[in-house]
Structure formats: C-alpha cells, structure tokens
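In what follows, residues are counted from 1 in the order of the sequence shown.
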Amino acid sequence: MANVTGRPVYKEIGATPAPASSKERARVVIVGAGPVGLALALDLGRRGQPVTVLNRLDFIAHCSKAICFSKRSLDILDRLGVGDAAVEKGVTWNVGKVFRGAADEPVYQFDMLPVKGQKRPGFINIQQYYIEDFLLDGCRAYRNIDIRWGHRVDRVTPREGGVELGVLTENGGYALEAEWVVACDGSRSTVRERMGLDFEGRVFEDNFLIADIRMKHEMPAERWFWFDPPFNPGRSALMHKQPDDVWRLDFQLGWNIDREAAIRPENVEPFIRAMLGDEIEFEREWYSVYTFQCRRMARFVHDRVIFAGDAAHLVSPFGARGCNGGFADADNLGWKLDRALSGKADAVLIESYNHEAIATADENILNSTRSTDFLTPKSVASQALRDAVLDLAADHDFARPFVNSGRLSTPVDYPRSPLSTPDTDVWSGGVRPGAPVLDAPLGEGWLLERLGDRFVLLTCGAVAAPAGLETVSLEAGSAAAERLALGAGDACLVRPDQYVAGRWRRPSPAVIEAALMRARGGTPCLH
C-alpha cells in the first residue's frame, strides 16, 4: 500500500491534531520518529523525562532501509525493553562468506560472535520498519512520551537557554519552545538545513542497486558476498535473508547510470534471474539505488541543538554502520541528557557526547571508506592490490582477514574520552576504560541485564564502595570476572550506557569516588 506521498506504507497511524495553543513549551523535543529518534525517546521516557517527538510523516514507511542489526544494537534494544521482540522476529546469523567469480567455495568466511556465551547473537537481519514498530510500542507504554505524527519542523531559532521551533501541520502551525532539541530527522535533516549546517566528507563514484524480493527458497541464514560473480561480471553483489521470506540482493552498477531506469522491473529482474536462476519464483518487494557517502557534520552539539544518526553522519551501507551507529548515538546521549534535564549535569557532560559520538562516526567512516575503496578500486594499483589479496586468500590464511567486503559494525571504543579514568594499574586483557562491557553468564541471567542503565561498580571479592553507588559482585574465576580480568579485590566502574569508566586493583573508596565524579562530567551528586 502506498501513501499519497508515493511512499509505501507499513503501518498507517494518522496525523496528530495541532495543539489548541499557538505557542507551547517542552523540555526536550526530538525531531524524527525513525529508529534513532524513537530509541532516544524511549530511553528518556523510561528515565521519567517528558519527551515530545515530531515526525513529518503520519505513518511508518515500508521500504528498503536498514536490515542488519549488530549485537551491540541488540544489547541497547534489550536495555530499552524491546530486544526480545526484535530477536524473535529477526533472522539470526553469525557467519559471513566471501566468494570470488564462479567458485562454490568461499575464499574467506568469518564469525561475528567469536566470544561465545553471550545473550545475543552477532547479528540479526530484520526490516527497519519492524524495529520502528517495536520501539513505538515501547514508547506507547509511557504517558510522558508525546509523539506527534504529521508535524513538520519549518523553522529553528536558537535562543538563550533553549530553542524555538516553528511547526507545520495540516491544521495550521504553532511555535514550540524547547530547552533541548535533538535532530534525528535523517540524511536530509530539515533542522540541519534551517541552521545553515552541512556535511564534510566524500561521495564515492559508484551506485548500487537494492532489490528486496520475496521468495520461498531455502538457503543458509548467512551473509554472502561475491567479487566478480558471473551474474555481475567485474563488479560485486551481496545477499541477505530477512524475515517473511524476504531477501535483500545488492548489485554494483557503476557510476554513470540512469537511476530512474535502473529500478524499472524489466531492468532489475535480469540481475535477479542471473543470480538465482530462471526456475526460482519471486515477487518484487522494493527496488532502489543508492550512492556511497562517507560524511559527517563538523560538530554534533550546537548549544541546545544536538544531532544524532543520519542527521549527523552518513556512511555507505556495506558494513551495516548506519542505523547501528545511530543507536550508538542514542545510547550515548540518553543518560547524559537525562542528567542535564534533571539539573545533575551541565554542558560539560553534553559536550562529551560530541567527543564520543564523533569518535564513533570517524571510526565508522574510516572502516566504511576502506571497504568502499576495496570494493570499487579507483586506480590500477588499488585494483592490482585487491586482486592480489583475493588470489592469496584462496590458499593462505594470513591474507583472508584483508579481504574487505564491508567490515561489519562493532562497538567503538573511546580511548580518549574525557569521562574515563585512565589505567594506573597493570592489566593483562579485560575491558579497558572507554570500551563497552562484554556480556557473560551471571547466575540465572546475564551480566548486561544486571547492569541496566545506571552507574554500577562491578567488584570481585570485598571492595569498599562509595556510599550510594550500586555494586554487583562477581565470583572469582567466573566468565564475567575473567572477561573483565578482575581478580580478588578488584573493581570496575560502569557507566549507564554500559561502557567502562575506570578499573582498579584493590581501589580505595576515594579513588572510585573521583572516577565517578569524572564520569558524570564533574558533578559531585551521586543520585
């Protein structure tokens, strides 16, 4: 079903009536009800904050968007209470295979969950509209989350201590004064455009065709990638399984193409037939063309206006770093904005979001750029290097990790985070400050479940903790203690987003207290 806008519709919701008053106030306004905006709204709503979400569409769209959600994103969805729904609906996979030419055996394969014994798999595949629907259901459980459908931001006016938005609806416009505005309104962000801000970075000279099709054909739930396949000679292709018998096929097209003609069924289906065979029956779900981009804003925090997700940064789809990177933004920002709204933090803590989210974006852009350069060599030398790597990978183990078909999304560390207390003790392994905690079995459940979304001190044996700081004791020699490299008398301070803020051998309460103050941006309040 298509909406009057021409966009396919997954779920009709309907426009929210305009408010009776021509001028309203809100504490925090999130612009955009995509996965990132909804995740942030749910995070803040669960913490008790009143949230207003503005979305220009009045429905959830049904089209080719994100489908690959990493373990880190699943851990975040778990914390928000929607992880089970996502995993139950999604297609679980850990193995990826890379093929070359017409060979039936891969030149390289990898496992996205090398450390076993964790609650969640390395990846699931699931259509973005399902994730949005699950998050929306989560938001509906909180009366302090107000989602306004069909409300379009038209004006952004920063003011001292806040922002005034001009909002348009089908019933007229109104002004909305907010203490904070978070722009989660996508790659064509209206908020970014109205503020005169732009991206910096690269647009790559290549195009890829996405063909989402529906077929009943049994194949492994794995990521399959081809270099120079016979059905797309000289180029590349990719195949992923999704729920509901939907498969995503990607075909490299080249640069100078007619984008409108490229998605006509008569031009797409020869690619599909060549890949799958003439005997396979399928139905069209959605066809589109995309261009690689690796770009970001110079800053993500502009006084009381904060940017997240595609509104702040863009990467090429290979590697699944777009929506996963956006969830990392929401995860990083939620607890910090909660503390600012509660009067327990100031601009220092919000500025740490700028530092850490840019670190994440730069890591994703770096890996995405390297993947793109490997997939689409732009010189004779780079083509020769890629071909040599593929030649060697067929027979030599050392070359296989250099095969880059899209380095897949993994959590990004913040080695120079202003919130982290650097190591002063000697460590062999474990999780260093500025890195996320690795999940492990804990009692009848899991370590990350116990951490929740608050500051927690993980201890091994007797450790004196500052008053008011929650502690979780780990048994010496347990998987959780070993993965953190904690021995008797050791401790590890974990932030609300489950990143390590500091770790010590036999620390004093004063050392932990100082690290806690630093992790909260310098404020002394424990609660």
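Note: F300 and F307 fail the aromatic proximity criterion, with ring centroids not under 6.0 Å apart. A distance of 6.0 Å or more separates the ring centres of W335 and Y499. Ring centroids of H313 and F199 are separated by 6.0 Å or more, keeping the two rings apart. In this structure, W286 has its ring center no closer than 6.0 Å to that of H62.
Between D413 and R432, at least one side-chain N (NZ, or NE/NH1/NH2) sits under 4.0 Å from a carboxylate O, which counts as a salt bridge. A salt bridge is defined here as a Lys NZ or Arg NE, NH1 or NH2 lying under 4.0 Å from an Asp or Glu carboxylate O, and R248 with D212 meets this definition. Residues E222 and K241 are not paired through a salt bridge, judged by the lack of any N-O separation under 4.0 Å between the basic side chain and the carboxylate. In this structure, D439 does not pair ionically with R483, as no charged nitrogen and carboxylate oxygen lie closer than 4.0 Å. Between R296 and E200 there is no salt bridge, since no side-chain N of the basic residue sits under 4.0 Å from a carboxylate O of the acidic one. Ion pairing between R152 and E170 fails under the 4.0 Å rule for side-chain N and carboxylate O. Ion pairing between a basic and an acidic side chain is recognised when a charged N comes within 4.0 Å of a carboxylate O; E356 and R495 show such pairing.
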Item to check | Derivation and outcome, salt bridge (Lys or Arg N to Asp or Glu O under 4.0 Å), residues D75 and K119 | outcome: CA-CA 9 Å; D75 293 340; K119 180 180 179 181; over 6 Å; no
Next on the checklist: Please determine whether side chain to side chain contact (heavy atoms under 4.5 Å, CB included) holds for the pair L493 and T421, giving the CA-CA distance in whole Å, both sets of side-chain angles, and the decisive distance to 0.1 Å.
Outcome noted: CA-CA 10 Å; L493 178 65; T421 296; over 6 Å; no
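Annotation: side chain of R79 is in contact with side chain of D43 (closest heavy-atom distance under 4.5 Å). By the 4.5 Å heavy-atom criterion applied to side chains, R520 and K344 are not counted as neighbours. Using a 4.5 Å heavy-atom cutoff, the side chains of L238 and R223 are in contact. Side-chain contact between N55 and R148 is absent, with no heavy atoms from C-beta onward closer than 4.5 Å. A heavy-atom distance below 4.5 Å is found between the side chains of R339 and L349.
Shortest non-hydrogen contact noted between D111 and K116 is OD2-NZ, 2.8 Å.
Taking CG of L176 as the start and CZ of R25 as the end, the distance is 10.5 Å to the nearest 0.5 Å.
Counting heavy atoms of neighbouring residues, nucleotides and ligands inside a 6.0 Å radius, atom CZ of R56 does not exceed 12 of them. In the displayed structure, E193 atom CD is contacted under 6.0 Å by more than 12 heavy atoms of other residues, nucleotides or ligands. Taking a 6.0 Å sphere around CZ of R295, one finds it holds more than 12 heavy atoms contributed by other residues, nucleotides or ligands.
Distance alone, capped at 3.5 Å, is enough to place a donor-acceptor pair between the R27 side chain and the L341 backbone.
Figure legend: R140 and Y142 shown without cation-pi pairing, the cationic atom not lying both under 6.0 angstrom from the six-membered ring centre and within 45 degrees of its axis. Cation-pi check for K336 over Y353 is not met; the charged atom does not lie both under 6.0 angstrom from the ring centroid and within 45 degrees of its normal.
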